[in-house]
Amino acid sequence: MKKLADKAKVVRKTFKIIGIFFLSLFALMLVSAIGLRIYFEKNKTEIVKKINTQINDNILGEAKIGDIGYKFLVGFPNFTVVLKDVELKDSLFAIHKRPVLKAGEIEVRLNVLSLLKKEVNIHKIVINNATIDLFKDKNGVSNSTIFKPKKKEPKKESSTTTSIDEVVLKNVTFISENQKGNKLFHFQIESLKSKIEYTDEGWKTKVNLKTFAKSLAFNVLRGSFVKDKSIEGKLAVDFSSEKNLISVVTEDFEIGGDPFTIKAHFNIGKGNSLFDIDIRTKILWNNASNLLANNISSKLNKFAIKVPLAASCVVKGDMSVVGDPEIVVDAVIKDDELKTSYGAVKNCSFNGKFTNNYKNGLGCNDANSAIIITDFKGEYKEIPLNIPSAIINNLEKPVATGKFNSEYGVVKLKNLINENFIKFSAGKAKVNLDFKVDIVDLRLNKPRFTGAIAIKDASFYYRPKNVTFQKTNIDLQFTQEALLIKQIKYQRKQNIVFLEGRVDNFLNLYYDAPEKMIVNWKIYSPYLDVKQIVNVLSYHDKSTPTKRKTQSHSQSSDQFQNVFSKSQVNLDLTVDKMAFNKMLANNFKINIKMNNGRLYVKNGLIQGRNGSSLRFDAQLIPKNGLMHFKSNLKLNEADISNFLASFNNFGIKSFGPNNIKGKLSLSASLLGVLNANNELNKKSIMGNVNFQVKDGALINFQPIQKIGKIVFSNRDVSHIAFSDLYGITTIKGEQIKVKELKITSNVLNIDVKGDYSLSHSGTNLGVRIPLRNPKEDYKITDLKARETARYKGIVVSVLVVDGKNGETKIKLGKIAEETPKETQKAKKK
């Protein structure tokens with residue numbers, strides 16, 4: 001118990017000693033503070049004088065201090081002087097009206113020992129509720145000339161020396177505005193603490209900063225960097241007096257909540273205002289974009305990337321020079337999703353670089369800016385994208401150039417092209433293109449390509465022409481002069497067609513004047529059914545298009561359809577064997593021009609069997625589901641039976657193709673309408689037909705047999721061989737105006753004139769039949785004499801008129817002759 005009592009006594013004694021120590025220390029501090037207070041009151045005038053001397057010795061202008069006070073125990077053992085309502089104005093204040101400093105309170109902590117030696121050694125400055133404003137107007141007038149330049153004189157001993165060890169800013173607005181250089185730096189400093197260490201080379205400090213950036217505009221016309229963003233962290237600052245250079249390195253530094261590593265250098269020597277800032281971070285795309293000036297961020301904000309990207313930015317410039325500094329931004333994107341106005345690019349990776357000084361010597365501006373992209377890989381709507389290199393140059397009028405490669409199954413094009421236009425079902429595409437494209441409002445405008453697109457084993461349905469292609473190759477070659485289309489094969493039933501095309505000036509006309517675009521096709525076919533090819537050429541899809549799924553569908557499909565509907569198409573068609581209904585021909589050649597769904601046929605040539613040929617031109621115009629045509633024909637020595645059969649005997653029922661034989665030659669100018677099946681509408685046909693049949697025969701020809709029963713009951717007219725048969729006719733619907741028809745044979749001669757109807761009424765043909773037997777007329781070599789002999793003897797006139805059930809009947813009589821006036825009108829028509 002005694003030992004415990006002794007220990008307690010020792011503890012009480014110890015606490016007592018400690019208490020006496022602290023009481024003594026407090027008393028000493030209190031006495032010292034009171035002493036300093038008394039010293040300040042007694043020497044206030046001299047201290048103020050020395051502070052004013054320090055200020056006025058270093059400025060050109062005016063300093064105003066509202067009041068000077070002393071803070072009791074603040075900064076002890078140093079001596080704290082408080083300057084209130086401080087304002088510094090340079091000598092040119094009357095011109096620019098901008099004070100350099102306006103502070104509510106400035107604490108100046110003086111070293112007591114130095115002060116007792118008659119020295120003003122400033123240990124610490126604390127600036128509260130102040131505005132620091134550095135200003136230069138458009139004429140170069142600046143308030144920073146308030147500081148006197150140092151004189152190069154030998155150092156002299158002074159009664160006062162100044163050494164600031166620590167600077168603290170609280171609630172300070174810092175503004176640096178250079179109207180001549182279009183620069184504005186504006187910060188709201190919540191707190192700044194800086195302890196300064198002086199060295200032989202200058203000084204260095206660690207700065208703890210918490211501020212809010214209102215503006216960091218190197219060019220106010222372009223906007224501000226880090227606008228309205230909080231900035232917080234530590235900065236290591238070194239100043240070299242020999243180099244007149246301030247170097248800054250950050251530590252635990254954040255801008256807008258994102259971590260940054262920054263290294264910067266600022267030259268402050270006379271005539272040298274160069275600076276460079278190196279910024280590195282890992283940051284979200286939108287956060288990074290919003291730290292940049294508006295002229296850059298307004299463009300970048302139209303894109304987005306999910307994962308934070310590694311980025312760096314180097315800014316170099318001259319604070320005294322008008323215009324933007326040089327800015328270089330580098331970024332690396334890996335396996336991310338890039339969102340654009342066209343849609344998302346998935347699994348996207350690329351290296352990106354921005355510079356506003358693409359070509360040295362042209363200045364740091366939008367016109368000399370470029371975005372450089374390398375190793376771009378991604379997937380857009382299931383289509384793999386590979387861009388080894390691309391450059392977007394001149395951001396005032398951006399133009400993108402580069403290379404584009406891709407390989408994919410063409411079925412995936414359903415995500416880009418409306419399937420109501422083209423629907424792919426098989427095939428693979430390989431794309432190798434160099435591109436050049438204008439960018440307007442960050443959208444691609446009028447892309448231009450050179451290179452090749454190769455499509456292998458493609459199967460697709462082309463709806464505008466109702467055509468299906470099966471396992472065909474397509475080779476597209478884009479050159480500066482033309483688009484070349486090769487290796488296309490089309491097959492339907494027995495029809496086989498090989499196509500090669502060329503579009504001159506394609507890259508310009510596609511966008512600017514599709515109506516002037518001419519697509520030249522060379523088409524070869526070993527066998528072709530004309531009716532089927534006409535179906536393809538004349539088909540025009542009129543179905544209501546379904547609602548498109550995406551905007552890209554609309555743009556691509558509408559652009560394609562607009563171009564194809566407006567462009568002109570020239571077809572040079574060569575066919576080894578051709579069929580039309582029952583007519584077969586060899587060596588078919590034709591040139592077809594297509595424009596707005598219309599077909600213009602030129603230089604058509606069909607070489608038939610046994611030396612026959614058909615030359616023709618035509619116009620085919622689709623209208624209301626029908627095909628309106630206008631054609632000129634010249635047929636030479638064709639088999640008349642096959643010809644009539646091919647055109648369904650033109651609707652004539654009184655005789656058939658088997659009732660007439662011979663070599664037909666004709667010239668015709670016709671217009672009419674083909675129905676949806678490309679069959680001739682006999683009521684629509686109009687025009688003139690002149691024809692001649694040589695070395696022919698009329699076999700069981702009903703119109704002749706009827707006449708023969710009346711006029712030549714003793715002659716066999718069931719088989720009439722004739723040397724010549726020719727006619728001049730005008731067709732108007734179902735009415736055929738026979739101006740002249742002559743049959744010269746070994747049995748009888750016949751002249752016909754009048755009207756023949758393909759319907760049940762309107763037939764009124766006048767027939768003149770010489771009764772003499774022309775069997776020996778072929779021996780008369782003189783043609784005039786033979787014509788005179790034709791009408792010797794009795795000539796019988798009969799009429800062929802409408803009968804019952806579509807048949808005709810024969811009666812005696814003559815057709816009414818036209819009056820001179822009617823003849824004159826007919827000639828005018």
Side-chain angles (χ1 to χ4, degrees), residues 55-65 85-103 127 130-152 169 172-189 211 213-228 239 243-246 264-277 292-296 315-327 356-357 360-369 396:
I55 295 174
N56 289 305
D57 283 349
N58 289 280
I59 68 170
L60 295 170
E62 179 184 2
K64 287 184 179 181
I65 301 175
D85 299 326
V86 179
E87 188 174 31
L88 297 181
K89 302 177 182 177
D90 73 320
S91 59
L92 301 176
F93 178 80
I95 298 175
H96 52 67
K97 307 294 183 181
R98 301 277 287 265
V100 177
L101 172 67
K102 195 170 184 179
I127 302 177
T131 298
I132 301 172
D133 189 355
L134 305 179
F135 174 74
K136 180 184 285 187
D137 69 12
K138 294 181 179 179
N139 298 316
V141 177
S142 172
N143 66 359
S144 63
T145 55
I146 190 172
F147 301 105
K148 289 182 178 180
K150 293 182 179 180
K151 295 181 180 180
K152 294 183 178 180
L169 305 181
V172 174
T173 298
F174 174 79
I175 300 172
S176 176
E177 183 178 6
N178 184 338
Q179 292 183 347
K180 186 175 182 179
N182 286 324
K183 294 174 175 59
L184 175 61
F185 305 148
H186 185 179
F187 296 90
Q188 297 284 3
I189 302 172
T211 185
K214 301 287 289 184
S215 175
L216 183 60
F218 296 96
N219 186 344
V220 294
L221 301 177
R222 302 297 186 191
S224 168
F225 292 81
V226 296
K227 182 176 176 60
D228 297 330
F239 170 67
K243 299 178 181 179
N244 283 320
L245 180 69
I246 296 176
H265 302 89
F266 300 90
N267 286 280
I268 58 173
K270 185 176 181 181
N272 185 357
S273 301
L274 298 177
F275 68 92
D276 62 83
I277 305 172
L292 302 175
N294 184 64
N295 66 313
I296 303 173
V315 182
K316 294 182 180 180
D318 190 334
M319 296 295 293
S320 63
V321 174
V322 177
D324 293 342
E326 180 181 358
I327 302 171
N356 65 346
N357 187 26
N360 290 329
L362 298 182
C364 299
N365 48 62
D366 282 354
N368 193 32
S369 294
E396 287 185 353

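For clarity, every value in this text was computed on a predicted model and none was experimentally measured.
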Novice: Hey, does Ile175 have a side-chain heavy atom less than 4.5 Å from the side chain of Arg98?
Specialist: yes
Novice: Would you say that Lys89 contacts Pro99 through its side chain, given a criterion of any heavy-atom pair below 4.5 Å between the two side chains?
Specialist: yes
Novice: Kindly indicate whether the side chain of Thr131, heavy atoms from C-beta on, has any atom under 4.5 Å from the side chain of Leu101.
Specialist: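 They are not in side-chain contact.
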Novice: Distance check, rounded to the nearest 0.5 Å: Phe225 atom CZ versus Ile277 atom CD1?
Specialist: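 If I round to the nearest 0.5 Å, the distance is 9.0 Å.
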Novice: Nearest 0.5 Å please: distance from the CG atom of Leu221 over to the NZ atom of Lys183.
Specialist: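 Going from CG on Leu221 over to NZ on Lys183, the span is 10.5 Å.
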Novice: Looking only at heavy atoms, what is the nearest atom pair of Gly363 and Asn368, with distance?
Specialist: O-ND2, 2.9 Å
Novice: Name all residues meeting the side chain to side chain donor-acceptor pair (under 3.5 Å) criterion together with Asp85; count only those two or more places apart in sequence or in a different chain, and write none if there are none.
Specialist: none
Novice: Atom CZ in Phe135, atom OG in Ser176: separation rounded to 0.5 Å?
Specialist: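 Going from the CZ atom of Phe135 to the OG atom of Ser176 covers 10.5 Å.
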Novice: Side chains of Leu184 and Gln179: closer than 4.5 Å at any heavy-atom pair?
Specialist: no
Novice: Verify, without hydrogens or angle tests, whether Ser224 (side chain) and Leu216 (backbone) share a donor-acceptor contact under 3.5 angstrom.
Specialist: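 Indeed, once roles are kept as given, a pair shorter than 3.5 Å links the two residues.
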Novice: Quick one: pull up CG in Asp137 and NZ in Lys180 and give me the separation to the nearest 0.5 Å.
Specialist: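 Between atom CG of Asp137 and atom NZ of Lys180 there are 9.0 Å.
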Novice: Can you see which heavy atom on Ile327 is nearest to which on Asn356, and at what distance?
Specialist: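 So the minimum-distance heavy-atom pair works out to N-OD1, 2.7 Å.
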Novice: Once rounded to the nearest 0.5 Å, what's the spacing between atom CG of Asp133 and atom NE2 of His186?
Specialist: 9.0 Å
Novice: Using a 4.5 Å cut-off on heavy atoms from C-beta on, say whether the side chain of Asn178 contacts that of Phe185.
Specialist: no
Novice: Would you indicate whether the side-chain heavy atoms of Lys214 and Asp228 approach each other to under 4.5 Å?
Specialist: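 Side chain of Asp228 against side chain of Lys214, heavy atoms only: contact under 4.5 Å found.
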Novice: Looking at CG of Leu245 and CZ of Phe239, how far apart are the two atoms once the value is rounded to the nearest 0.5 Å?
Specialist: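 One finds 8.5 Å between CG of Leu245 and CZ of Phe239.
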Novice: So which atom in Pro325 and which in Gly317 form the shortest heavy-atom distance, rounded to 0.1 Å?
Specialist: CB-CA, 3.9 Å
